[in-house]
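Single-structure report; data block below.
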Amino acid sequence: MRRTLALVGLPLLMMAAGCAPAGSEPTGPGLPTDRHEAFEQRATAVAQAWRPGAEWTTSYVPLQEPTVLLGDPAFTEETKLAFHAGWYREQVPLPSGRPDDGTVRFADGELRVPLVTAAEAYRQIDKGDPPPCPGRPKDPGTPPPANPPDGPDAPVSSEPQAACIPLTVTNVELGSAPVHTTRGEAQVPAWLFTVEEINAVVARVAVADDAVDALPEPVAPATPAPQDLVSAQDIESVDGATLTFRLGVGSCDTGITPLVQEHDHLVVVGGTVVRSTGVCDDMLKLEPVAVTLRAPLGSRPVLDVVSASPLRFAAS
C-alpha cells in the first residue's frame, strides 16, 4: 500500500525577500499536478529499488549523532556555543577501565555490544579548549581586561561574540540514552556526563566503533530527478504520525510544498518549489516542513526522493 500526500504550510524559516518579483510564479493548467506526478513516479522508483542488507534489522545502525542531550539544557548563548564547539573541562576522574559488554535494547529484541571507556567517550566529545575572545574572559570568573583597545587600532576578529567558556564535567556514570536506529528508537549504553553550566546531561554513546554498522549505499533511479524536486536533508522530529523534516531549498525559491509517498515498509519524502526567475544567490536554506502519515512511522526508513538515501535525524 502507498499514499501520496502534499501538505502546504507556512515556512518555518524566513526566506530572503526581493529575489522573486511578484507574479513571477508559473501559471497555467496542470503545473502543480505535473510536479506532484513527477514526485510520485520517482518516489515509486526509489521505493522499488530499496534493498537494505540484513544488518538493517539485525545490527546496531544509528540514525543520529552519538552525542545526545538528556533533558532540556536551557542553553545560554555562551553554553550553546560551547556545546556545539565541544569545549569541555573535567573536574572528576574519568574511569579508564573498559566496562563489560553492554546491551542495546530495541523494540524487537536485544544486542550485546562491546563498550568504550569513559575516558575514550570524553575524548570523543572534547574538541579542545575555547579560543580567547577579544574583550571577553575565557573563564567566566575572570574579569575582562581594563581599558581594552578600541577605535581604528583595535584588533579585528571574526571570533564568536559570546564568552569563550568551557563546559565543566562534574560527574560521569555509565547508563543509557535513547537513540534513533534502523530498528526504531533503542536504549543504547552511554556514558552520562553531568555538566555544571547546563540543566541536561550530555550522553555519549558507549558502543565501540567495530560494533556500529554503516547505512547502506543508496540506489538512486537511473534517470535524473526532475528540476523542480528538492531533496529532504534530514529528519527533525517524529511525533506519532507527524513527520517533520527539512528540505534543502534555494534562498529565492517560493511555493515550497512537502510531499510524501507512504508504503507499509518505508516512506519517501521530498518536495517541490517554484524557482526564481530573477537574480539570486546560491545559498541553500534548510526549510522545516511537516507531513501527516496514515500511521505512526515506527521503524520504517525515510528515504529522500532525489538521492534515495535513508535520512538521519538532525543533530541536537
Side-chain angles (χ1 to χ4, degrees), residues 50-71 73 82-90 92-129 166-167 169 171-195 198 200-219 233-236 238 299-304 307-316:
W50 175 247
R51 296 288 186 276
E55 66 276 3
W56 188 269
T57 56
T58 60
S59 302
Y60 173 60
V61 186
L63 291 175
Q64 67 179 83
E65 294 299 317
T67 301
V68 181
L69 285 170
L70 303 183
F83 173 76
H84 288 292
W87 298 334
Y88 291 90
R89 61 181 176 185
E90 77 276 15
V92 292
L94 299 174
S96 58
R98 189 168 302 279
D100 295 337
D101 288 355
T103 301
V104 180
R105 292 180 169 83
F106 305 95
D108 60 357
E110 298 181 348
L111 180 68
R112 294 288 289 177
V113 290
L115 304 181
V116 301
T117 68
E120 289 175 291
Y122 179 78
R123 286 195 294 269
Q124 291 168 351
I125 65 170
D126 182 25
K127 304 303 181 184
D129 294 331
L167 300 178
V169 174
N171 188 53
V172 58
E173 60 181 337
L174 186 61
S176 65
V179 175
H180 295 285
T181 77
T182 58
R183 299 167 64 177
E185 187 173 274
Q187 286 294 323
V188 181
W191 287 104
L192 309 181
F193 296 96
T194 302
V195 175
I198 62 176
V201 170
V202 178
R204 178 72 185 193
V205 169
V207 180
D209 288 345
D210 56 6
V212 180
D213 279 322
L215 289 172
E217 291 295 323
V219 180
Q233 304 295 305
D234 53 29
I235 300 170
E236 274 209 332
V238 177
S299 60
R300 289 180 292 174
V302 180
L303 308 183
D304 168 45
S307 67
S309 299
L311 297 184
R312 293 168 58 86
F313 282 76
S316 299

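With values rounded to the nearest 0.5 angstrom, L94 atom CG is found 9.0 Å from R123 atom CZ. Put simply, CD1 on I235 and CG on L63 are 7.0 Å apart, with the number rounded to the nearest 0.5 Å. Between the CG atom in D126 and the CZ atom in R89 there is a gap of 12.0 Å [rounded to 0.5 Å]. Y122 contributes atom OH, which lies 15.0 Å from atom CH2 of W191 (distance to the nearest 0.5 angstrom).
Between the side chain of Q64 and the main chain of H180, a donor-acceptor pair closer than 3.5 Å is present. No side-chain donor-acceptor contact under 3.5 Å links R312 to the backbone of D234.
The nearest pair of heavy atoms linking G184 to S299 is N-CB, 3.8 Å. Across L111 and Y60, no two heavy atoms sit closer than the pair CD2-N, 3.7 Å. In plain terms, the two heavy atoms of L70 and A177 that are nearest each other are CD2-CB, 4.1 Å. Between P189 and V104, the shortest heavy-atom distance links the atoms CD-CG2, 3.9 Å. Here the shortest heavy-atom pairing between F193 and V201 reads O-CG1, 3.5 Å. Counting all heavy atoms, side chain and backbone alike, A190 lies closest to L174 at O-CD1, 3.5 Å.
Just one of V68, V195, T194, V169 meets the side chain to side chain contact (heavy atoms under 4.5 Å, CB included) condition when paired with V202; it is V195.
Residues satisfying the side chain to side chain contact (heavy atoms under 4.5 Å, CB included) criterion with P310, sequence neighbours excluded, are W50, W56, L215, L303. D108 pairs by the side chain to side chain contact (heavy atoms under 4.5 Å, CB included) definition with F106, R183, not counting sequence neighbours. T57 pairs by the side chain to side chain contact (heavy atoms under 4.5 Å, CB included) definition with nothing, not counting sequence neighbours.
Donor-acceptor pairing under 3.5 Å is recorded for the side chains of S176 and Q187.
Between V212 and V205 the shortest side-chain heavy-atom distance does not fall below 4.5 Å.
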